[in-house]
*Asks:* 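Pasting a structure here, questions to come.
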2 protein chains.
Amino acid sequence: MGKILENKPACLYCNARIHSVFNVLDNEELEDLNKHKTCSSYKKGQYVFNEQGMPSGLFCINTGKIKLSTTGFDGKEQILSLAKEGEILGYRALISDERYYCSAVALEDSSICIIDKLYFNSTIIKNNKLLIEIVKKVSGDLKLAENHLVSLSQKNVRERLAEALLFIKATYGCVEDGATLNVTLSREEIADYVGTSTESAIRLLSEFNHDKIIELIGKKIKILNLQLLIKTANLND
Amino acid sequence: MGKILENKPACLYCNARIHSVFNVLDNEELEDLNKHKTCSSYKKGQYVFNEQGMPSGLFCINTGKIKLSTTGFDGKEQILSLAKEGEILGYRALISDERYYCSAVALEDSSICIIDKLYFNSTIIKNNKLLIEIVKKVSGDLKLAENHLVSLSQKNVRERLAEALLFIKATYGCVEDGATLNVTLSREEIADYVGTSTESAIRLLSEFNHDKIIELIGKKIKILNLQLLIKTANLND
DNA sequence: TTTAAAACATGATATTGGGCATGTTTAATC
DNA sequence: GATTAAACATGCCCAATATCATGTTTTAAA
């Protein structure tokens with residue numbers, strides 16, 4: 001469990017809201033939403049929820065970065081998706097009243113709002129505009145999953161790794177230099193997204209480094225040649 | 001385009017409805033839905049819609065079987081999902097007003113209802129109960145896609161092929177003998193779901209045949225030893 | 001019925017990438 | 001600061017599987 005914050009951020013003034021499903025709510029609805037939530041902080045590495053658990057509420061990332069993963073076969077982890085500020089988590093399990101479909105772990109210290117389950121089931125679910133946004137959100141997630149699936153099925157590890165770096169850049173962006181990825185992931189985590197062994201991920205990152213496609217600065221990854229990275233990823237659309 | 005049927009089946013008396021999202025509608029709503037649809041027949045191999053196209057309506061399978069696939073890299077096909085009677089198709093593109101996310105092709109002669117786009121956007125989308133069913137439907141599809149993704153990422157071809165046969169059985173069931181899969185897929189189509197080469201799919205199906213796990217009767221596949229097939233698939237949940 | 005074209009089958013070969021081993025660097029803990 | 005553990009790095013080997021080649025069977029078309 002995260003540590004509950006005394007001064008929770010107000011939905012009405014939340015910066016993350018603009019890119020979230022809650023952007024369709026009016027001020028009155030936002031005030032109401034605000035009344036039915038708490039906000040907790042999570043340390044890097046901490047679980048927000050676990051795929052064994054039943055949903056207790058709707059999570060919405062206020063600040064921070066979360067990885068969504070599932071435990072596959074022989075306990076091997078598969079990273080399914082990366083989430084950022086404004087994104088809602090755990091809504092599928094909540095709506096279907098099932099166990100979480102995956103686990104959510106903080107990639108850095110994060111603060112996350114938890115919207116009351118009863119409020120969700122009695123009010124949010126009745127709001128048509130919001131529900132349409134949720135359908136769009138799931139649809140988008142499904143499209144991403146399908147793209148990921150096709151890559152895993154048809155591309156080699158080198159292409160998938162390049163694609164993963166582009167995905168990370170697209171999700172979390174870069175720091176001020178406009179080239180260094182704005183997140184710290186271990187080689188193992190990258191491998192768990194790419195669907196390869198940690199050794200292969202390390203090996204290929206080294207190769208990209210030698211080929212001047214990227215520069216490895218400790219755990220930070222700087223994209224030196226974006227065009228070449230895109231070419232290496234062999235994207236077709 | 002499919003051939004429009006003169007006597008379209010009535011939603012109110014549709015057998016497929018029980019397992020569809022439309023089961024939450026009352027009789028009046030069903031009558032209304034019925035007024036805003038047409039029904040067309042599609043021959044085996046015919047496209048229902050193509051991933052290049054913009055959505056013209058909401059498809060709902062009345063009878064028949066449909067494969068949902070996407071063209072990956074170097075034109076290689078990836079089968080994403082298999083759909084049966086009662087399932088709706090093309091709803092994501094419709095809601096997000098984007099091109100279809102995948103292509104739909106008839107696996108056998110099928111009849112499919114097409115619900116008017118305007119009616120969908122003006123009426124269906126306003127029906128909260130129905131919208132919740134749609135969220136559940138997308139969530140379920142996403143869960144299936146994620147499971148498929150993890151298998152592609154972590155399992156070997158033999159395990160994935162066994163899993164594919166179990167998936168086909170779970171989707172379309174068996175004929176009267178309770179063992180022969182109730183659909184005809186080419187080896188290439190199976191390979192395109194499993195994410196392997198056609199040769200490997202053929203080879204492994206032959207192996208399963210020799211090992212008495214299945215029996216190959218022309219294009220029909222009969223499951224002889226379900227327990228062994230489940231074991232071969234190496235399922236963990 | 002003949003012919004052509006798919007689909008299926010199987011062997012031989014090449015390649016990718018996983019797994020192991022071993023060493024080095026970085027980070028965490030006392 | 002010393003000690004330990006985790007993460008990173010790289011070489012070697014081998015199994016899994018893709019690709020190529022060739023032949024057979026089935027299906028579709030003329």
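All values reported here derive from a predicted model rather than from experimental measurement. Chain naming here is simple, since letters A, B, ... match the order of the sequence lines and numbering starts at 1 in each. Hydrogens, waters and symmetry mates are skipped; everything else that's a heavy atom, side chains included, is used.
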*Asks:* Reckon A:Thr198 touches a base, only the sugar-phosphate, or nothing at all at heavy-atom distances under 4.0 Å?
*Replies:*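 Nothing: the residue A:Thr198, judged by heavy atoms under 4.0 Å, touches no strand.
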*Asks:* Measure from the side chain of B:Asn156, starting at C-beta and using heavy atoms only, and say which of C:dG17, C:dC8, D:dT17 lies closest.
*Replies:*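 Per side-chain heavy atoms of B:Asn156, the pick is D:dT17.
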*Asks:* For B:His210 and for A:Gly218, locate the closest nucleotide of DNA chain C by heavy-atom distance; then report the residue assigned to the nucleotide nearer the 5' terminus.
*Replies:*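 Final value for this comparison: B:His210.
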*Asks:* Return no unless some side-chain N or O of B:Arg187 is found under 4.0 Å from OP1 or OP2 of C:dA9.
*Replies:*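 For C:dA9, OP1/OP2 do have a side-chain N/O of B:Arg187 under 4.0 Å.
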*Asks:* For B:Ser197, answer base if it contacts any base atom (sugar-phosphate contacts may also be present), sugar-phosphate if it contacts only those atoms, and nothing otherwise; contact means non-hydrogen atoms under 4.0 Å.
*Replies:*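 Result for B:Ser197 = base.
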*Asks:* Please report, rounded to the nearest Å, how far the P atom of C:dG17 is from the CD1 atom of A:Ile202.
*Replies:*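 That distance rounds to 16 Å.
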*Asks:* Please state how far atom NZ in A:Lys220 lies from atom C1' in C:dT26, giving the value in whole angstrom units.
*Replies:*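 It is 16 Å, rounded to the nearest whole Å.
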*Asks:* Can you tell me how far P of D:dA16 sits from CG of B:Leu152, to the nearest Å?
*Replies:*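 After rounding, the gap between these two atoms is 19 Å.
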*Asks:* A:Asn209 CG to D:dA9 P: how many Å, rounded?
*Replies:*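 Distance, rounded to whole Å: 8 Å.
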*Asks:* Atom CG of A:Asp192 and atom P of D:dC8: how far apart are they, to the nearest Å?
*Replies:*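 Value for this atom pair: 12 Å.
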*Asks:* In terms of ring plane angle, is the pair B:Tyr193 and B:His148 parallel, tilted or perpendicular, where the classes change at 30° and 60°?
*Replies:*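 Parallel, since the angle between the ring planes stays under 30°.
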*Asks:* Please determine, for the side chain of B:Ser206, which listed nucleotide (C:dA21, C:dT10, C:dG18) has the closest atom?
*Replies:*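 Of all the options, the side chain of B:Ser206 is nearest to C:dT10.
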*Asks:* Taking 4.0 angstrom as the limit, do B:Glu207 and B:Arg158 come out as a salt bridge?
*Replies:*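 Yes, charged N to carboxylate O under 4.0 Å.
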*Asks:* Would the base of C:dG18 count as contacting A:Arg203 through its side chain, where contact means a donor and an acceptor less than 3.5 Å apart?
*Replies:*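 Check fails, no donor-acceptor contact within cut-off.
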*Asks:* Mind calculating the distance between NZ (A:Lys76) and P (C:dG17) to the nearest angstrom?
*Replies:*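 Value for this atom pair: 14 Å.
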*Asks:* Does C:dT16 have its OP1 or OP2 closer than 4.0 Å to a side-chain nitrogen or oxygen of A:Ser200?
*Replies:*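 False: A:Ser200 side-chain N/O out of range (4.0 Å or more) of C:dT16 OP1/OP2.
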*Asks:* Given C:dC20, C:dA7, D:dC8, which nucleotide is nearest the side-chain atoms of B:Lys219?
*Replies:*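 The listed nucleotide nearest to B:Lys219's side chain is C:dA7.
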*Asks:* Only one of A:Leu185, A:Leu181, A:Leu82 passes side chain to side chain contact (heavy atoms under 4.5 Å, CB included) with A:Tyr172; say which it is.
*Replies:*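 Testing each of A:Leu185, A:Leu181, A:Leu82 against A:Tyr172, the sole residue satisfying side chain to side chain contact (heavy atoms under 4.5 Å, CB included) is A:Leu82.
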*Asks:* Between C:dA9 atom P and B:Phe208 atom CZ, what is the distance in whole Å?
*Replies:*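 Checked: the CZ to P distance equals 14 Å.
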*Asks:* Under 4.0 Å between a side-chain nitrogen and a carboxylate oxygen: does that hold for A:Arg187 and A:Glu199?
*Replies:*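 Result for this pair is no, no salt bridge flagged.
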*Asks:* Here's a test for you: under side chain to side chain contact (heavy atoms under 4.5 Å, CB included), which of A:Lys43, A:Lys65, A:Gln46 qualifies with A:Asp109?
*Replies:*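 So, applying the side chain to side chain contact (heavy atoms under 4.5 Å, CB included) to A:Asp109 and each of A:Lys43, A:Lys65, A:Gln46, only A:Lys43 qualifies.
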*Asks:* Side-chain N or O of B:Ser186 less than 4.0 angstrom from OP1 or OP2 on C:dA7?
*Replies:*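 It does not, given that no N or O in the side chain of B:Ser186 lies less than 4.0 Å from OP1 or OP2 of C:dA7.
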*Asks:* I need the CD-P distance between B:Glu207 and D:dA16, as an integer number of Å.
*Replies:*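 Taking CD of B:Glu207 and P of D:dA16, I get 11 Å after rounding.
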